[in-house]
Amino acid sequence: MQNLERGELHSQYHQYEGMRLNKNLYNVLGTLVIPSLTILTSKDIDMLLQQNIVLRVEDVEDVTILHLVNSAILEVKDIFHMARYADKIPFDVILEKVVPVVLDMSNHPDFAHILTHLRRHEEYIYTHSIGVALLSKIIGMNGGYQGSQLISLITSGFLHDIGKSKIPSHILNKPGKLTREEFEIIKKHTIHGYELIRNSSGFAEEHAYVALQHHEREDGSGYPFGLKGNEIDQRSKMVAVADVFHAMISKRVYKNSIPFYQVLQEMSQFAYGALEPAITLTFMKRFMDLLIGNSVLLSNGHEGKIIMVSAHDPVNPIVEVNGMFIDLSKVKTITLDKIL
């Protein structure tokens, strides 16, 4: 390493960003710095450089977005199948296979593109579980969650809809409007999920409560019990925000995905009624921050790039279009249409 100039080494290491480690990396004291199977981020690369840890091309492997998404979907299918036919959820599988993949996806440099792949996939019931787990991680980190507390929230987000494994597929996948009776059956997925988790070993009480309460609303308009405000578990409020947001941006059998600007506007409105305001608004700011540098399509048909996001108005960022900067908080005639 001493034979390389610092700038050259920095460039060499950063070419590995977004790739996955195939070995544990230790510092000179023998302390584990980055474990095997981690998707390397820019922060990880800088840490390796600071600690003079050798990173070689044979230490990493390319991991495509599609590979991450497909491997996660296969795990979800198996878990839903077991829940449906065996009335059990495999805790060890979730902890050892699902959570690490979700963490890999959340640390991937193309996080926004992963969400795009998820929302376009036809098997919504499975991709939604992954998407909510991913977004729950963002919300949890905003709330100061770390370590096992954050892992538990990701698990809760992943399992929030596990009760739908007990709902007949012809109702779940119905292309038209549900009848009142069908909607009552759908609503029971919260109870089914609670019971499935409670009857499976390894899970904490909070996982069951999130499955039960993620459709409760601040104003009492939710189900199954019509709880309000402080009556709702805090983690259920977090997952509810992730659930609503991901459902809105996703294509489903009975509707297309909602234009991005409309999602942002409606989430802002929900923050002052149905959803917990602080969680919702903080999440929206953080999500928009993750999109800085991403290309977007504007409502006027032009393509641009998100440059800056304001804490006071995160849904209307500053966008660069052909070298010109447009502040969407001031130009009310243009909105974000979609992420490219």
Side-chain angles (χ1 to χ4, degrees), residues 72 76 79-80 83 94 98 102 105-106 114-115 118-119 121 123-143 145 150 152-167 172 178 183 186-194 196-197 206-227 232-255 257-258 260 262-264 266-271 273-284 286-287:
V76 181
I79 291 167
F80 268 69
I94 292 174
V98 174
V102 170
M105 293 166 72
S106 68
I114 288 177
L115 280 182
L118 286 174
R119 72 184 179 86
H121 201 283
E123 297 178 290
Y124 171 77
I125 186 66
Y126 307 126
T127 58
H128 182 60
S129 297
I130 301 166
V132 172
L134 282 168
L135 298 175
S136 293
K137 184 204 172 187
I138 296 174
I139 293 170
M141 293 185 70
N142 287 341
Y145 283 27
L150 185 61
S152 184
L153 182 65
I154 292 171
T155 302
S156 294
F158 173 75
L159 288 173
H160 79 290
D161 265 352
I162 192 65
K164 286 185 176 178
S165 63
K166 295 295 186 179
I167 304 299
L172 279 179
L178 296 174
F183 185 54
I186 286 282
K187 287 163 65 174
K188 289 180 181 178
H189 80 274
T190 55
I191 306 294
H192 294 319
Y194 176 79
L196 277 167
I197 295 171
E206 64 191 66
H207 300 133
Y209 273 117
V210 169
L212 182 66
Q213 296 185 359
H214 68 278
H215 278 289
E216 300 287 3
R217 297 294 179 254
E218 293 294 306
D219 55 8
S221 63
Y223 63 84
F225 303 121
L227 303 180
I232 307 170
D233 173 73
Q234 184 70 7
R235 287 163 293 241
S236 299
K237 296 183 180 189
M238 292 178 167
V239 173
V241 171
D243 180 32
V244 170
F245 182 83
H246 189 262
M248 292 175 69
I249 66 173
S250 299
K251 180 181 179 181
R252 303 169 74 173
V253 67
Y254 55 85
K255 75 170 187 67
S257 57
I258 299 173
F260 193 58
Q262 187 177 335
V263 173
L264 297 176
E266 291 190 20
M267 288 294 292
S268 297
Q269 294 169 6
F270 290 152
L275 300 176
E276 209 284 328
I279 295 173
T280 307
L281 297 175
T282 304
F283 162 70
M284 291 171 63
R286 178 57 183 146
F287 183 81

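Since this is a predicted model, take the numbers as computed values, not measurements.
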Apply side-chain contact (heavy atoms from CB on, under 4.5 Å) to the pair Phe283 and Leu275, showing each step before the final yes or no.
CA-CA 12 Å; Phe283 162 70; Leu275 300 176; over 6 Å; no
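- Ile79 is listed as a side-chain neighbour of Ile162, based on a closest heavy-atom distance under 4.5 Å.
- Contact check for Leu115 versus Leu135: side-chain heavy atoms found under the 4.5 Å cut-off.
- Between the OG1 atom of Thr280 and the CD atom of Glu218 there is a distance of 8.0 Å, given to the nearest 0.5 Å.
- The distance from the OG atom of Ser156 to the CZ atom of Arg235 is 7.0 Å, given to the nearest 0.5 Å.
- In terms of the side chain to side chain donor-acceptor pair (under 3.5 Å) criterion, residue partners of Glu266 (sequence neighbours excluded) are, by chain and number, Gln262.
- Of all heavy-atom pairs between Gly157 and His160, the closest is O-ND1, 2.7 Å.
- Here the shortest heavy-atom pairing between Ser268 and Met284 reads OG-CE, 3.2 Å.
- Side chain of His128 to backbone of Ile125: no donor-acceptor contact under 3.5 angstrom is found.
- The main-chain N or O of Phe80 is never found under 3.5 Å from a side-chain atom of Lys164 such that the two would form a donor-acceptor pair.
- A 4.5 Å side-chain heavy-atom check between Leu134 and Leu118 finds at least one atom pair inside the cut-off.
- Within the 4.5 Å cutoff, the side chain of Ile139 has no heavy atoms near those of the Thr282 side chain.
- Applying the side chain to side chain donor-acceptor pair (under 3.5 Å) test to His207 and every residue at least two apart in sequence or in another chain returns Ser152.
- To the nearest 0.5 angstrom, Leu196 atom CG is 11.5 Å from Ile191 atom CD1.
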Take Met248 and Phe270 through the test side-chain contact (heavy atoms from CB on, under 4.5 Å) and record every step on the way to the result.
CA-CA 12 Å; Met248 292 175 69; Phe270 290 152; 3.8 Å; yes
Assess whether side-chain contact (heavy atoms from CB on, under 4.5 Å) is satisfied between Glu276 and Val241, documenting all intermediate values.
CA-CA 8 Å; Glu276 209 284 328; Val241 171; 5.6 Å; no
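- Remark: Gln213 pairs with Tyr209, Glu216, Leu227, Ile232, Asp233, Ser236 by the side chain to side chain contact (heavy atoms under 4.5 Å, CB included) rule, at least two apart or across chains.
- Distance check: Ser136 OG to Leu159 CG gives 10.5 Å after rounding to the nearest 0.5 Å.
- At a threshold of 4.5 Å between non-hydrogen side-chain atoms, the residues Arg217 and Val244 count as touching.
- In this structure, NZ on Lys187 lies 11.5 Å from CG on Leu178, to the nearest 0.5 angstrom.
- No more than 12 heavy atoms of other residues, nucleotides or ligands sit less than 6.0 Å from atom NZ of Lys188.
- Ala211 and Gly193 make their closest contact through CB-C, 3.9 Å (heavy atoms, listed as atom of the first residue, atom of the second, distance).
- For the pair Glu123 (side chain) and Tyr126 (backbone), a donor-acceptor distance under 3.5 Å is absent.
- Applying the side chain to side chain contact (heavy atoms under 4.5 Å, CB included) criterion to Ala72, with sequence neighbours excluded, gives Val101, Met105, Ile130.
- Contact check for Asp161 versus Val132: no side-chain heavy atoms found under the 4.5 Å cut-off.
- Among residues two or more places apart in sequence or in another chain, the side chain to side chain donor-acceptor pair (under 3.5 Å) test is passed with Ser221 by Asp219.
- For Thr190, the side chain to side chain contact (heavy atoms under 4.5 Å, CB included) criterion is met by His214, His215, Tyr223, Pro224, not counting sequence neighbours.
- Taking the side chain as every heavy atom from C-beta outward, Phe158 and Val76 approach each other to under 4.5 Å.
- In this structure, the side chain of Thr127 engages the main chain of Tyr124 through a donor-acceptor pair within 3.5 Å.
- Taking every heavy atom of both residues into account, Leu153 and Gly140 meet most closely at CD2-CA, 3.4 Å.
- Side-chain contact between Ser129 and Val98: absent, with no pair of heavy atoms (C-beta onward) separated by less than 4.5 Å.
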Does Leu172 form a side-chain contact (heavy atoms from CB on, under 4.5 Å) with His189? I'd like the steps, not just the answer.
CA-CA 11 Å; Leu172 279 179; His189 80 274; over 6 Å; no
